[in-house]
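Below, chain A is the first sequence line, B the second, and so on; all start at residue 1.
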Amino acid sequence: MNLFTHVRGILIEILNNLSSKGVLPTDTDFSNITVEPPKDTRHGDMATNAAMVLSKLVATRPRELAQTISDSLAKVEIISSVDIAGPGFINISLSEVCWQNLLSSVLLAGKNFGRSNMGFSQKVNVEFVSANPTGPLHVGHTRGAVFGDALASLLSYSGFEVTREYYINDGGAQVDALARSIFLRYQEAFGRKVVFADGTYPGDYLIPIAIGLKEKVGESYLNKSEDEWLPELRDYAVDAMMDLIRSDLDLLGIKMDTFFSEKSLYGSGQIEAALGRLRENGLIYKGVLEPPKGKTTDDWEPREQTLFKSTEHGDDVDRPVLKSDGSWTYFAPDIAYHFDKLSRGFDRLIDIFGADHGGYVKRMKAAVSALSNGKVPLDIKLCQLVKLYQNGEPYKMSKRAGNFVMLRDLVKQVGPDVTRFVMLTRKNDAALDFDFQKVLEQSRENPVFYVQYAHARIKSVIRKAEELNIDIAEQALSEANLSSLTHASELSLIKKIAEWPRLVEVAARLYEPHRVAFYLFDLSSQLHAHWSKGSDDQSLRFLHADDLTITQSKIALACAVSIVISSGLAILGVEPAEKM
RNA sequence: GGCCCCGUGGCUCAACUGGAUAGAGCAGCCCCCUCCUAAGGGGCAGGUUAUAGGUUCGAAUCCUAUCGGGGUCGCCA
């Protein structure tokens with residue numbers, strides 16, 4: 001349960017009451033009235049801006065209105081005190097019993113504490129990674145992969161029906177280049193000398209693929225012309241690359257629900273159908289674009305093109321859908337792909353792009369808006385670059401030198417948990433520094449270890465409690481007598497736990513899984529602080545061999561913290577540590 | 001030049017999308033293990049939120065301009 005929405009409900013009831021008494025106008029909009037934890041805990045447990053928001057409507061001073069509202073709030077059973085502060089905040093404190101009861105309900109809910117139906121089972125499609133099938137994933141893809149997967153988990157935790165999807169760019173010329181590169185390696189496997197020209201892929205990862213090809217087709221390709229082997233080899237190549245990519249994703253624990261092939265859109269009439277839909281709405285026309293403003297226009301020539309009128313839907317310029325040779329631009333199958341997503345009945349679409357694709361955001365949104373008549377929102381989250389460091393020194397990657405750091409090498413070196421957590425400790429639209437050494441440090445500077453250590457400490461005392469014959473089942477703990485949990489440090493730990501459902505809601509609404517990581521760090525910090533207080537004040541320790549009732553109540557608290565930590569880590573895709 | 005993102009203590013970042021005295025970690029100084037995991041905790045110090053205006057009860061957050069950093073810019077996907 002979310003105590004904040006509960007108290008907000010009580011508040012709204014009071015406000016409705018004031019409406020019917022004529023103190024407030026009838027049909028007042030209460031939607032921007034909030035009940036939130038105050039920044040400073042000395043201000044109480046919760047604060048509402050109600051009086052400040054509403055005072056304009058009734059032409060009274062905020063503090064005066066606040067008095068009226070707080071008179072009613074003070075009568076509510078779970079509320080222990082109400083006061084008015086600053087420009088008209090109403091600060092609310094809840095009774096100790098209320099917090100103790102909350103702890104019980106957390107234990108009763110177990111790992112479901114924090115889940116919500118905020119999404120109303122709406123169908124959401126999260127498209128992410130979608131790397132070109134020309135090689136294994138590298139670090140550049142990793143952030144988007146982790147972000148998309150965590151966002152998908154977060155949304156599904158919040159009651160959305162989520163599909164994880166990968167768009168395979170297997171339609172373009174790069175697949176030909178890939179096939180030719182494999183053919184070179186294939187010739188090499190027969191001892192021939194080969195040269196990798198510009199535009200081919202010289203990476204070692206193609207060697208085993210070519211050997212596989214040799215085993216499959218023998219010598220049969222050696223003396224054939226390109227137009228004979230190329231069509232077959234294209235499919236073989238893409239399949240092989242997608243196997244590589246799938247196994248890379250596996251290393252991070254990412255399972256896609258759907259792999260959607262760009263190629264499948266060609267020759268099936270789907271691109272024509274999508275563009276047909278736009279044409280019906282009068283959004284396809286032939287015209288000449290203006291040259292880009294201010295940019296050097298040496299090679300610019302006015303040219304008539306088939307254009308999508310994306311400016312009708314918020315884009316800056318209209319976008320071409322046909323090349324001069326009559327084939328589609330990249331954008332055309334992308335429109336068709338999103339049209340396909342719409343036809344599959346999703347209520348909202350989310351695309352995760354690298355920041356270098358920021359220029360496509362407006363046109364893609366325009367396309368979805370046009371195709372769905374503005375009914376289905378497309379949200380595009382951009383992931384900024386990851387800068388690699390080795391002991392504080394920038395780690396240089398060069399595509400030409402071929403020393404690109406691969407996802408699998410990264411994960412092999414630091415492990416999937418560290419990779420995932422660290423990638424999520426920054427907002428998606430801020431650049432991220434990733435230092436191979438620092439992420440393995442075992443200190444407070446490393447959030448992964450800090451959170452894991454908190455969890456391991458809790459698990460350790462729970463194991464010891466079990467040895468004292470305490471029933472550590474969540475059900476039993478939820479029924480324990482918790483009235484001894486009255487110390488400020490214990491109550492503030494409970495209050496931090498109580499913020500979890502609200503935090504999840506905010507993070508899900510804003511598509512910001514990093515908030516989960518920061519919350520877990522905060523919660524762990526409080527746990528560590530509380531733990532240390534046990535050194536000065538024996539009564540705060542979790543284990544009391546001479547008083548099992550007290551011990552049980554303390555273990556209930558510890559257990560609730562571990563529940564929230566593991567739920568949060570589960571959203572991030574990180575395994576909680578039992579021991580360290 | 002157009003568009004998008006970013007600018008917060010010496011460093012790396014938060015700030016519940018407009019709330020109260022802007023919070024953490026690192027680095028610096030001081031302190032805490034006969035005691036559930038010190039891989040931890042407590043304290044001191046450090047800020048005109050790039051700059052200048054504006055919007056209002058109230059701005060790091062919204063608007064305008066300027067400066068600085070990154071990305072991107074008509075048939076490459």
Closest-nucleotide 5' rank along RNA chain B - winner of Arg426(A) and Thr329(A): Arg426(A)

Interface with RNA chain B, restricted to residues 544-556 of chain A and to heavy atoms under 4.0 Å: none

Nearest to side-chain heavy atoms of Asn49(A), which nucleotide of rG41(B), rG19(B), rA20(B): rG19(B)

Tyr166(A) backbone acceptor or donor facing Ser130(A) side chain under 3.5 Å: no

Residue Met52(A), side-chain atoms from C-beta onward, closest of rG19(B), rC5(B), rG41(B): rG19(B)

Anti or syn - rU17(B), cut at 90° from 0: syn

Distance between P atoms of rA20(B) and rC35(B) (Å, rounded): 44 Å

Residue matched to rA38(B) through Watson-Crick or wobble contacts both under 3.5 angstrom: none

Sugar-phosphate only, base, or nothing, as touched by Pro62(A) at under 4.0 Å among non-hydrogen atoms: nothing

His528(A) aromatic ring stacked with six-membered ring of rG41(B), 5.5 Å and 30°: no

Side-chain N or O of Lys39(A) closer than 4.0 Å to phosphate OP1/OP2 of rA20(B): yes

Glu490(A) and its salt bridge (charged side-chain N to carboxylate O under 4.0 Å, His left out) partner, picked from Lys533(A), Lys496(A), Arg541(A), Lys554(A): Lys554(A)

Paired nucleotide for rA24(B) [Watson-Crick or G-U wobble; both distances under 3.5 Å]: rU12(B)

Ring pair (Phe, Tyr, Trp, His ring centres under 6.0 Å) against His544(A), all qualifying residues, sequence neighbours excluded: none

Nucleotide nearest Asp429(A) when distance is taken to its side chain, options rC6(B), rA39(B), rA15(B): rC6(B)

Watson-Crick or G-U wobble mate for rC29(B), both contacts under 3.5 Å: rG43(B)

Any Tyr450(A) side-chain nitrogen or oxygen under 4.0 Å from OP1 or OP2 of rG41(B): yes

No-H, no-angle donor-acceptor pair, Arg502(A) side chain to rC16(B) base, under 3.5 Å: yes

Pi stacking test for Phe89(A) and rA20(B): under 5.5 Å apart, planes under 30°: yes

Base-pairing assignment for rA65(B) (Watson-Crick or G-U wobble, both under 3.5 Å): rU51(B)

Under-4.0 Å side-chain N/O to phosphate OP1/OP2 contact, Arg42(A) with rA20(B): no

P spacing across the pair rG28(B) / rU21(B), given as an integer number of angstrom: 33 Å

Closest to side chain of Asp433(A), choosing from rU37(B), rU12(B), rG74(B): rU12(B)

Touch class at under 4.0 angstrom, heavy-atom based, for Arg319(A) against every strand present: nothing

Any donor-acceptor pair under 3.5 Å from Asp45(A) side chain to Leu94(A) backbone: yes

Sugar-phosphate, base or nothing in reach of Gly172(A), heavy atoms under 4.0 Å: sugar-phosphate

Sugar-phosphate, base or nothing in reach of Glu505(A), heavy atoms under 4.0 Å: nothing

Identity of whatever pairs with rC3(B) - Watson-Crick or G-U, under 3.5 angstrom: rG71(B)

Contact under 4.0 Å: Lys438(A) side-chain N or O vs rC26(B) OP1/OP2: no

Inter-nucleotide C1' distance (rC16(B), rG54(B)), Å rounded: 27 Å

Heavy-atom side-chain proximity of Phe421(A) to Leu569(A) below 4.5 angstrom: yes

Touch class at under 4.0 angstrom, heavy-atom based, for Phe542(A) against every strand present: base

Touch class at under 4.0 angstrom, heavy-atom based, for Lys362(A) against every strand present: sugar-phosphate

Min side-chain heavy-atom separation Gln270(A)-Tyr337(A) under 4.5 Å: no

Leu572(A) backbone acceptor or donor facing Arg420(A) side chain under 3.5 Å: yes

Interatomic distance at C1', rA22(B) relative to rU48(B), whole Å: 12 Å

Separation of the C1' atoms in rA60(B) and rU17(B), to the nearest angstrom: 12 Å

Under 3.5 Å donor-acceptor, Arg509(A) side chain and Met118(A) backbone: no

Distance-only polar pair, side chains of Asn169(A) and Gln174(A), donor-acceptor under 3.5 Å: no

Complementary nucleotide for rC57(B) - Watson-Crick or wobble, under 3.5 Å: rG19(B)

Given rU37(B), rG74(B), rA14(B), the nucleotide with the shortest approach to the side chain of Phe518(A): rA14(B)

C1' gap between rC33(B) and rG23(B), integer Å: 29 Å

Glycosidic class, syn or anti, of rC73(B) using a 90° window around 0: anti

Thr425(A) or Ser525(A), whichever maps to the more 5' nucleotide of RNA chain B: Thr425(A)

Side-chain H-bond candidate by donor/acceptor type, Tyr453(A) with Arg457(A), under 3.5 Å: yes

Under 4.0 angstrom between Arg463(A) side-chain N/O and rC36(B) OP1 or OP2: no

Side chain of Trp531(A) (C-beta onward), nearest among rU37(B), rG19(B), rC35(B): rU37(B)

Touch class at under 4.0 angstrom, heavy-atom based, for Leu503(A) against every strand present: nothing

Sugar-phosphate only, base, or nothing, as touched by Ala456(A) at under 4.0 Å among non-hydrogen atoms: base

Touch class at under 4.0 angstrom, heavy-atom based, for Glu512(A) against every strand present: base

Among rA20(B), rG40(B), rC35(B), the one nearest Tyr453(A) by side-chain distance: rG40(B)

Sugar-phosphate only, base, or nothing, as touched by Lys427(A) at under 4.0 Å among non-hydrogen atoms: sugar-phosphate

Sugar-phosphate only, base, or nothing, as touched by His357(A) at under 4.0 Å among non-hydrogen atoms: base

Sugar-phosphate only, base, or nothing, as touched by Ala431(A) at under 4.0 Å among non-hydrogen atoms: sugar-phosphate

No-H, no-angle donor-acceptor pair, Asn91(A) side chain to rA20(B) base, under 3.5 Å: yes

rC3(B) versus rG42(B) - spacing of their P atoms, nearest Å: 48 Å

Touch class at under 4.0 angstrom, heavy-atom based, for Phe521(A) against every strand present: sugar-phosphate

Euclidean distance for P, rU56(B) against rC13(B) (whole angstrom): 35 Å

Backbone N/O of Leu230(A) and side chain of Arg180(A): donor-acceptor pair under 3.5 Å: no

Short side-chain N/O contact from Ser460(A) to OP1 or OP2 of rC36(B), under 4.0 Å: no

Any donor-acceptor N/O pair, Asn49(A) side chain to Thr34(A) backbone, under 3.5 Å: yes

Touch class at under 4.0 angstrom, heavy-atom based, for Pro37(A) against every strand present: base

